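Take a look at the structure set out below.
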Amino acid sequence: MKTVRLVAPVLFLLAFTFPASQALEKQPASDYHARRIALGNALHGGVAILFAAEEPVLDFDPYRQDSDFYYLTGWNEPGAALLIIGPTSEPERPGQAAHARDYKEILFLPTRNLRTEAYTGAKMDAATPDVTRATGVDNVEPMANLASDLNKLVADDRRVAFNVWMQPGVKAAESLLGYTAATLGSSMPASHDVTTLTMPLREVKDAGEIDLLKKVSTASIAAQREMMRSVKPGVTERTIAGKMTAVWYEHGCERPSYAPIVGTGINSTTLHYSANSATIAEGDVVVVDAACEYSMYASDITRTVPANGHFTARQREIYNVVLGAQKAAIDAFVAGKSKINDFYHRDPDSLDVAAYNYINTHSKDLHSQPLGKYWLHGLGHMVGIDVHDPAQYPAVLKPGMVFTIEPGVYIPEEKLGVRIECDFLVLPDGKLLDLDADLPHTAEEVEAAMHK
Ligand code: GLY
Ligand code: MN
């Protein structure tokens, strides 16, 4: 971040400015609190310490909160830390002061930096009036207290040292453990990976999350429709990405949920093509895998369209194989039993197997060989705060989960790639809801949308 310009007059103003309202649509504070309680219960008397994401280093990167931190707090400012003390009813042990502990949570906020705030906007710290209500966390303390609070916890019950849960690869977490060891005069064992505990919580979405996921689908569908109206021979891939970006912003989205993929012709066969530097040519198909993020929740949608608005017979044939594979997976779905993302197609309960079998038994390549070998990735993944939300794959699909079904066939020899991807919610009764139902699915629906 550039902080070299003169900012003194602005500093004076900022010191008296109440922090800007946060632009993201938040869930009620009680939703985030319930998630922290759930994590606390999973700690079995241990403690979790999570750090917020830092300000990005590069000028062109906007700030994005760490996904787990956001899930637990809804807090969208940099540099904070969250301490969750898990409840325990463990009895005292001889020679130890260990005792039962109640659940406790503390949000630590860094000291405000008025110089940085001149560039990034006003922030809160523990001294900000009404900060507990604003954050929704039971206790708010200055970040400087974190190390001494942890020291006291471990000194009070040495077993805590073996039951510390943190995000992996976070420098501040490693430093905190090292400093805590020094302040205790004894070594601190390595921490456990807290994301293994947040993952099962994040897999099942609550009502507020589902509401946000529906909103982000609406925005992403609108952009995909704009794409269908805009694709023509002579238009660049990047122009299409730009038109979609404009629609996302109009719908209040913060950013794309991943680098937009607009691949025409041979580029349609590269799975994560995102150079978007080619020009759409007559006779191409264009794979458009592009969607956005609304209030930190992601959508993930792919459609494949013909450059001139009409699929050739061969393009339509392959399109229908991919669409048929998606339908085969939907038809095979049984809540609580079906699994997703079984890359090697070994698990009979996986929807990947249903889709693969369909692809491998319909149509052929130019050498009369089956098409199974042209499908190169898993059938889908969880979607939530991250476009690839964490899960242990192959994952059993249960009510409240949101995931993609995205079969594809990529035949470089024919410059022909087709992927169709929709986001699905498993309803309480075990049925599937297609969150992208309002977007064209069939080849004919796509063609009609291109001529509007
Ligand atoms: N939509 C890109 C992916 O799921 O990998
Ligand atoms: Mn996807």
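Counting starts at 1 for both ligands and their atoms, following the listed order. Since this is a predicted model, take the numbers as computed values, not measurements.
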Shortest protein heavy-atom distance from atom 3 (C) of ligand 1, along with the residue and atom involved: His388 NE2, 3.2 Å
The single option from Ile301, Ile405, Thr404 passing side-chain contact (heavy atoms from CB on, under 4.5 Å) against Glu421: Thr404
Atom indices of ligand 1 within 4.0 angstrom of His381 heavy atoms, with elements: 4 (O)
Atoms of ligand 1 close to Glu406 [distance to a heavy atom under 4.0 angstrom, numbered from 1]: 4 (O)
Region of His377 engaging ligand 1 - heavy atom pairs below 4.0 Å: neither
The Mn ion (ligand 2) to Asp300: nearest N/O/S atom name: OD2
Per-atom contacts, ligand 1 versus His272 - under 4.0 Å to a heavy atom: 2 (C), 3 (C), 5 (O)
Residue Glu406 atom name (nearest to the Mn ion (ligand 2); N/O/S): OE2
Gln392 atom CD: more than 12 heavy-atom contacts under 6.0 Å: no
The Mn ion (ligand 2) to His381: nearest N/O/S atom name: NE2
Ring center gap for His345 and Trp375 short of 6.0 angstrom: yes
The Mn ion (ligand 2) to nearest N/O/S of Glu421 below 2.8 Å: yes
Parallel, tilted or perpendicular: rings of His388 and His381 (30°, 60°): perpendicular
Option set Asp289, Thr302, Thr404, Val383, criterion heavy-atom distance to atom 2 (C) of ligand 1, minimum: Asp289
